[in-house]
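Let me begin by presenting the structure, written as structure tokens, before commenting on it.
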Amino acid sequence: MGDIAPRKGIPEFVCIGGTKHRMREFAEFVSFNVFHRKNVKLVNLTKHSHRYATYKVGPVLSVSHGIGIPSMTTVLQEIIKLLHYAKAVDPIVFRIGTSGGLSIPPGSVVVSSWGLNGYLEKSYDIPVMGRSLKLPAILDKRLSQEIYSMASEEDEFQTYLGGTMGADDFYRGQARLDGPFCDHTEEDKLEFLEKLSEMGVRNIEMEAPAFAALTKEAGIRGAIVCVTLLNRLEGDQVSTEKGTLLQWQKRPMAIVAKFISKYLDSS
Ligand code: R2B
Ligand code: URA
């Protein structure tokens, strides 16, 4: 089993996710489940930024990124710079998160193969100096398959490998009918969600295309592992009780921690 002492202090794994609380929990989860350390004192290394939180457990960095692409890409680019200055050798960056599932049981986990933008293209399109820069949003195939292979028949949930739509909006952008603005019908919504399903999309969140594109552009292996909080074919509201949702959010953590353990054991 890998030693908790960072190898020369250089991060080998970075895991990012939406909330400060969840990323602290991930750091605790890794410290206990990968390094078998209880009650490790965790320090938020970016506390004074007030924007996001960073924890370091041996060679694993756990960082929060907020909601949506602009916030996530700001944090991700800071991390890419940090990994460069730290001379990290072949690091792996994960995103763990929550999402809405398509035709799969709530509580399932999806390991993403690619990201799809709101125009149904597998790309991240960013305006740069008045023009649109289009970057391919394909994730490292081997890594996503290796992570998918961490799933076991003994898990109490199902894991899927598939496409992930990253919308720029939680409500209309994800074809919800329960937002403050709505200009489409239930039939339009179902037709759209069915179309996504047919394209191989298994879940919808708000960061996938940009995460896939920037890790690829940086030449860094990246993977996205999200739990689904609901089946969007059956509704829009997340109505599962809070305790269950919190348990479900540990599922991507468990898969990523298992992968890290296996990786450290074999290196
Ligand atoms: C999933 O959940 C968040 C929105 O509630 C967003 O960050 C995402 O991708
Ligand atoms: N996060 C999203 O972006 N969409 C969902 O449906 C659930 C979580």
Side-chain angles (χ1 to χ4, degrees), residues 1-17 22-40 42 54-63 76 79-80 82-83 86-99 104 107-114 138-162 164 202-203 208 211-212 215-216 218-228 247-267:
M1 188 55 59
D3 195 293
I4 194 164
R7 301 181 188 187
K8 295 186 222 134
I10 298 171
E12 293 177 63
F13 308 97
V14 181
C15 187
I16 66 174
R22 188 157 12 97
M23 297 324 287
R24 187 187 170 98
E25 234 189 309
F26 178 72
E28 282 162 1
F29 194 95
V30 164
S31 123
F32 186 68
N33 291 285
V34 178
F35 299 110
H36 311 292
R37 296 287 176 96
K38 261 189 188 169
N39 306 320
V40 166
L42 289 169
T54 304
Y55 300 95
K56 187 169 187 297
V57 179
V60 183
L61 272 188
S62 179
V63 189
L76 181 58
I79 290 168
I80 292 170
L82 184 146
L83 292 171
K87 299 189 174 26
V89 179
D90 207 11
I92 299 179
V93 183
F94 308 92
R95 178 180 120 69
I96 55 170
T98 58
S99 60
I104 57 178
S108 302
V109 169
V110 178
V111 180
S112 309
S113 313
W114 36 264
I138 309 295
L139 287 147
D140 188 291
K141 191 170 175 183
R142 188 161 162 197
L143 178 64
S144 54
Q145 278 170 345
E146 274 173 21
I147 294 172
Y148 175 63
S149 76
M150 294 293 114
S152 130
E153 281 184 4
E154 280 144 41
D155 291 342
E156 51 183 6
F157 55 90
Q158 313 237 33
T159 301
Y160 299 83
L161 186 61
T164 298
R202 288 282 155 271
N203 63 340
F211 178 93
T215 48
K216 185 175 169 58
I220 292 174
R221 286 184 292 164
I224 307 176
V225 186
C226 287
V227 70
T228 60
Q247 284 309 312
W248 286 357
Q249 288 180 44
K250 295 221 170 92
R251 293 175 174 179
M253 295 185 197
I255 292 179
V256 170
K258 201 166 161 187
F259 176 87
I260 293 176
S261 287
K262 193 172 164 212
Y263 196 96
L264 290 175
D265 277 349
S266 64
S267 63

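Residue numbers count from 1 along this sequence. Note: hydrogens, waters and symmetry copies are ignored here, and every other heavy atom, side chains too, is used.
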Which heavy-atom pair separates [X] from [Y] by the least distance, and what is that distance?
{"X": "Val227", "Y": "Gly107", "result": "CG2-O, 3.6 Å"}
{"X": "Tyr55", "Y": "Ala27", "result": "CB-CB, 3.7 Å"}
{"X": "Val34", "Y": "Ala257", "result": "CG2-O, 3.6 Å"}
{"X": "Tyr148", "Y": "Thr159", "result": "CE1-O, 3.4 Å"}
{"X": "Phe211", "Y": "Thr215", "result": "O-OG1, 2.7 Å"}
{"X": "Leu143", "Y": "Ala223", "result": "CD2-CB, 3.7 Å"}

Take Ile16 and Ile79 through the test side-chain contact (heavy atoms from CB on, under 4.5 Å) and record every step on the way to the result.
-> CA-CA 10 Å; Ile16 66 174; Ile79 290 168; 3.5 Å; yes
Is the shortest side-chain heavy-atom distance between [X] and [Y] below 4.5 Å?
{"X": "Ser261", "Y": "Asn33", "answer": "no"}
{"X": "Val110", "Y": "Ile104", "answer": "yes"}
{"X": "Thr228", "Y": "Trp248", "answer": "no"}

Exceeds 12 heavy-atom contacts within 6.0 angstrom, atom [atom1] of [X]:
{"X": "Asn39", "atom1": "CG", "value": "no"}
{"X": "Phe259", "atom1": "CZ", "value": "yes"}
{"X": "Phe157", "atom1": "CZ", "value": "yes"}

Can you tell me how far apart [atom1] ([X]) and [atom2] ([Y]) are? Round to the nearest 0.5 Å.
{"X": "Ile224", "Y": "Thr164", "atom1": "CD1", "atom2": "OG1", "value": "6.0 Å"}
{"X": "Asp155", "Y": "Lys258", "atom1": "CG", "atom2": "NZ", "value": "5.5 Å"}
{"X": "Leu83", "Y": "Leu61", "atom1": "CG", "atom2": "CG", "value": "7.5 Å"}
{"X": "Leu82", "Y": "Leu76", "atom1": "CG", "atom2": "CG", "value": "11.5 Å"}
{"X": "Gln145", "Y": "Ile147", "atom1": "CD", "atom2": "CD1", "value": "11.0 Å"}
{"X": "Cys226", "Y": "Arg202", "atom1": "SG", "atom2": "CZ", "value": "14.5 Å"}

Could you please spell out the steps behind the side-chain contact (heavy atoms from CB on, under 4.5 Å) verdict for Leu264 and Phe35?
-> CA-CA 10 Å; Leu264 290 175; Phe35 299 110; 3.9 Å; yes
Assess whether side-chain contact (heavy atoms from CB on, under 4.5 Å) is satisfied between Val57 and Leu42, documenting all intermediate values.
-> CA-CA 8 Å; Val57 179; Leu42 289 169; 3.8 Å; yes
Looking only at atom types and distance, does a side-chain atom of [X] sit under 3.5 Å from a main-chain N or O of [Y], one as donor and one as acceptor?
{"X": "Arg221", "Y": "Asp140", "answer": "no"}
{"X": "Ser62", "Y": "Met23", "answer": "yes"}
{"X": "Lys56", "Y": "Gly58", "answer": "yes"}
{"X": "Ser31", "Y": "Arg37", "answer": "yes"}

Using the benzene-type ring in the case of Trp, are the ring centres of Phe13 and Tyr263 under 6.0 Å apart?
-> yes
For the pair Arg22 and Thr98, evaluate side-chain contact (heavy atoms from CB on, under 4.5 Å) and give the outcome as yes or no after the intermediate values.
-> CA-CA 11 Å; Arg22 188 157 12 97; Thr98 58; 4.2 Å; yes
Under the criterion side-chain hydrogen bond (donor to acceptor under 3.5 Å, both in side chains), which of Ser99, Ser108, Ser112 is the partner of Asn203?
-> Ser99
